[in-house]
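A short write-up of the structure that comes next.
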Amino acid sequence: MPSYTVTVATGSQWFAGTDDYIYLSLLGSAGCSEKHLLDKPFYNDFERGAVDSYDVTVDEELGEIQLVKIEKRKYWLHDDWYLKYITLKTPHGDYIEFPCYRWLTGDGEVVLRDGRAKLARDDQIHILKQHRRKELETRQKQYRWMEWNPGFPLSIDAKCHKDLPRDIQFDSEKGVDFVLNYSKAMENLFINRFMHMFQSSWNDFADFEKIFVKISNTISERVMNHWQEDLMFGYQFLNGCNPVLIRRCTELPEKLPVTTEMVECSLERQLSLEQEVQQGNIFIVDFELLDGIDANKTDPCTLQFLAAPICLLYKNLANKIVPIAIQLNQIPGDENPIFLPSDAKYDWLLAKIWVRSSDFHVHQTITHLLRTHLVSEVFGIAMYRQLPAVHPIFKLLVAHVRFTIAINTKAREQLICECGLFDKANATGGGGHVQMVQRAMKDLTYASLCFPEAMKARGMESKEDIPYYFYRDDGLLVWEAIRMFTAEVVGIYYESDQVVEEDLELQDFVNDVYVYGMRGRKSSGFPKSVKSREQLSEYLTVVIFTASAQHAAVNFGQYDWCSWIPNAPPTMRAPPPTAKGVVTIEQIVDTLPDRGRSCWHLGAVWALSQFQENELFLGMYPEEHFIEKPVKEAMARFRKNLEAIVSVIAERNKKKQLPYYYLSPDRIPNSVAI
């Protein structure tokens with residue numbers, strides 16, 4: 001009688017093993033096997049990290065094996081089981097791989113296809129077509145869209161982490177408990193003695209050092225020592241943790257009535273301000289989005305304030321970017337003066353602090369939350385709903401949405417919900433952050449997620465013109481490496497543009513993103529469908545780059561740039577100044593966050609800047625969803641290209657007092673998971 005050797009690999013994460021009964025059935029082109037119990041006498045099967053082999057004898061020849069069915073039945077107490085893959089050795093000596101990488105819960109079962117990626121048009125056999133359709137029907141019941149707040153991109157329909165499908169939950173929920181992590185961070189930073197001291201002001205700038213962990217020769221220490229300098233202020237718009245707002249100024253806005261006379265002591269080329277604009281030396285950051293946003297009122301004992309500044313910057317003769325004028329609100333007038341470097345020291349310093357605080361709010365809520373977390377969740381939900389596990393695009397993207405839906409669900413549960421942690425320390429808590437996302441949706445366009453396009457749109461693409469913009473330089477290298485990789489994978493599975501156009505599952509995925517993620521907004525520029533291999537490659541590059549590189553660039557520098565509180569105040573306790581010549585050091589300290597809010601802020605930026613345990617970085621694909629040699633070779637070339645980028649960045653950073661490493665591929669996690 002024909003005999004098969006079945007090899008079963010159990011996951012190595014916590015609680016991956018099981019003591020339940022595991023049964024296997026084989027479905028072939030010539031018949032189906034009986035249900036076989038996989039069990040060895042006097043042996044503990046399916047332990048965490050184990051690879052177990054079993055001989056399965058069948059009554060008759062089964063032909064070509066099309067599906068493998070695995071069933072889990074209760075032994076004593078139900079325990080979940082994580083099945084990595086099954087390998088089958090046929091009676092003819094052939095090996096067939098069946099990737100799984102899924103949890104089986106309760107009396108669960110899973111039906112697996114072999115690991116070859118297939119488009120729907122490749123499946124001519126009824127049983128395989130049916131399997132494909134059933135998988136999507138099941139997933140669409142599990143992965144449902146929900147509106148968390150009006151106007152937001154839709155998210156997963158789950159109130160809390162434990163409501164999620166088991167396959168997308170964190171291995172250990174404790175590891176991503178925000179309350180626990182922030183409290184632990186404050187303990188590790190030895191600042192928990194201050195964490196309940198709300199309404200208690202610091203005495204002076206030096207007093208902030210009581211909660212500042214000095215780690216010598218780091219960016220955070222350098223920020224502490226140089227934060228008051230105009231060069232450091234300007235540098236952060238290029239290479240801080242929110243390097244996406246600065247744009248070349250092509251025309252001075254009417255709402256900022258700045259004149260040459262006001263700024264002439266900052267201009268180094270003996271040109272008028274208008275001439276400097278024409279020559280491309282003037283840049284602008286406009287926080288118009290914050291205009292009219294409600295400040296946090298959740299603590300009746302502390303008034304909190306927001307501003308909507310406009311900051312004008314200048315490229316000096318050394319090609320460095322420095323601020324030359326700041327107006328703290330949008331409508332010009334006597335009570336909204338334009339602050340200048342030539343003003344009194346504390347007038348100018350407080351104006352810059354207001355800009356830094358506004359930058360922090362836009363960074364956290366728009367650059368970070370909306371444009372990486374929420375967008376990546378949309379891609380993830382659409383992928384699970386519309387692409388079966390056998391689809392090559394599912395196999396390509398699954399590593400890049402790992403834990404994204406889970407971390408966002410946890411954030412909605414603990415962080416950005418009503419009375420969540422966000423309300424504790426941030427001036428945009430208590431609902432302001434929700435208003436910001438609703439407003440920012442109009443600027444969330446497909447083109448703005450295409451990295452090279454986004455650079456051009458802001459007039460920031462020229463390396464010769466703006467030589468110290470490392471976020472742009474490194475981002476373009478990583479974008480191109482991802483684009484080349486996706487183009488290779490697309491080329492393997494889609495022999496022509498027509499095949500792309502006729503792939504209905506792919507088109508449903510793209511349409512889901514447009515309809516539910518972008519809420520069907522034509523102005524978003526998101527495609528409803530993809531018509532060519534080149535367009536598909538770009539689309540996949542957007543998905544992967546957003547989840548990996550873009551998130552890394554705006555997330556992992558938070559402790560570096562925001563831990564020195566005066567450089568990134570999460571709230572301000574007095575309104576913006578309405579006149580010049582009245583600001584004192586005492587007034588600035590009383591405006592900055594109190595001791596309690598400073599501690600919660602520090603705990604947050606510390607926790608958010610840490611990599612996950614067992615982090616998977618860009619190019620790492622330990623789950624072998626693809627089994628074909630051409631794709632594995634493409635992955636190897638991708639890794640080689642990424643390694644070359646790591647070397648280029650490391651070489652440049654050797655000569656820098658302020659190294660820029662957030663887009664070094666060895667520091668870019670594959671997905672948004674923190």
Counting only pairs under 3.5 Å, give me each side-chain donor-acceptor contact of residues 664-674, with atom names and distances, residues two or more places apart or in other chains.
from: S664; atom 1: OG; to: D666; atom 2: OD1; distance (Å): 2.6
from: N670; atom 1: ND2; to: F617; atom 2: O; distance (Å): 3.4
from: N670; atom 1: ND2; to: M620; atom 2: O; distance (Å): 2.8
from: S671; atom 1: OG; to: R402; atom 2: O; distance (Å): 2.8

Which pairs would a plain distance check flag for residues 55-71, meaning a side-chain donor or acceptor within less than 3.5 Å of a matching protein atom at least two apart in sequence or in another chain?
from: D55; atom 1: OD1; to: T5; atom 2: OG1; distance (Å): 3.3
from: E71; atom 1: OE1; to: R73; atom 2: NH2; distance (Å): 2.9

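With sequence neighbours left out, H36 forms a side-chain hydrogen bond (donor to acceptor under 3.5 Å, both in side chains) with no residue at all. With sequence neighbours left out, H551 forms a side-chain hydrogen bond (donor to acceptor under 3.5 Å, both in side chains) with H368, H373. Partners of W145 by side-chain hydrogen bond (donor to acceptor under 3.5 Å, both in side chains), not counting sequence neighbours, listed by chain and number: D512. Qualifying salt bridge (Lys or Arg N to Asp or Glu O under 4.0 Å) partners for E538, counting only residues two or more places apart in sequence or in other chains: none. For K74, there are no salt bridge (Lys or Arg N to Asp or Glu O under 4.0 Å) partners two or more places apart in sequence or in a different chain. Among residues two or more places apart in sequence or in another chain, the ring-ring contact (aromatic ring centres under 6.0 Å, His included) test is passed with Y384 by Y143, F394. Take Q498 and apply the side-chain hydrogen bond (donor to acceptor under 3.5 Å, both in side chains) test, not counting sequence neighbours, and it matches E502.
Salt bridge present: R483 and E480 bring a charged side-chain N and a carboxylate O closer than 4.0 Å.
A donor-acceptor pair is defined here as one N or O able to donate and one able to accept, closer than 3.5 Å; no such pair exists between the side chain of H161 and the backbone of T409.
Judged as a salt bridge (Lys or Arg N to Asp or Glu O under 4.0 Å), the pairs with a partner in residues 6-31 (not counting sequence neighbours) are, in order, D20-K72. The stretch residues 125-137 participates, sequence neighbours left out, in these salt bridge (Lys or Arg N to Asp or Glu O under 4.0 Å) pairs: D123-R132, R132-E505, R133-E137, E135-R139. Annotation: salt bridge (Lys or Arg N to Asp or Glu O under 4.0 Å) contacts involving residues 4-15, sequence neighbours excluded, are absent.
The ring pair (Phe, Tyr, Trp, His ring centres under 6.0 Å) test with Y21 singles out one residue from Y75, F46, W81, and that residue is Y75.
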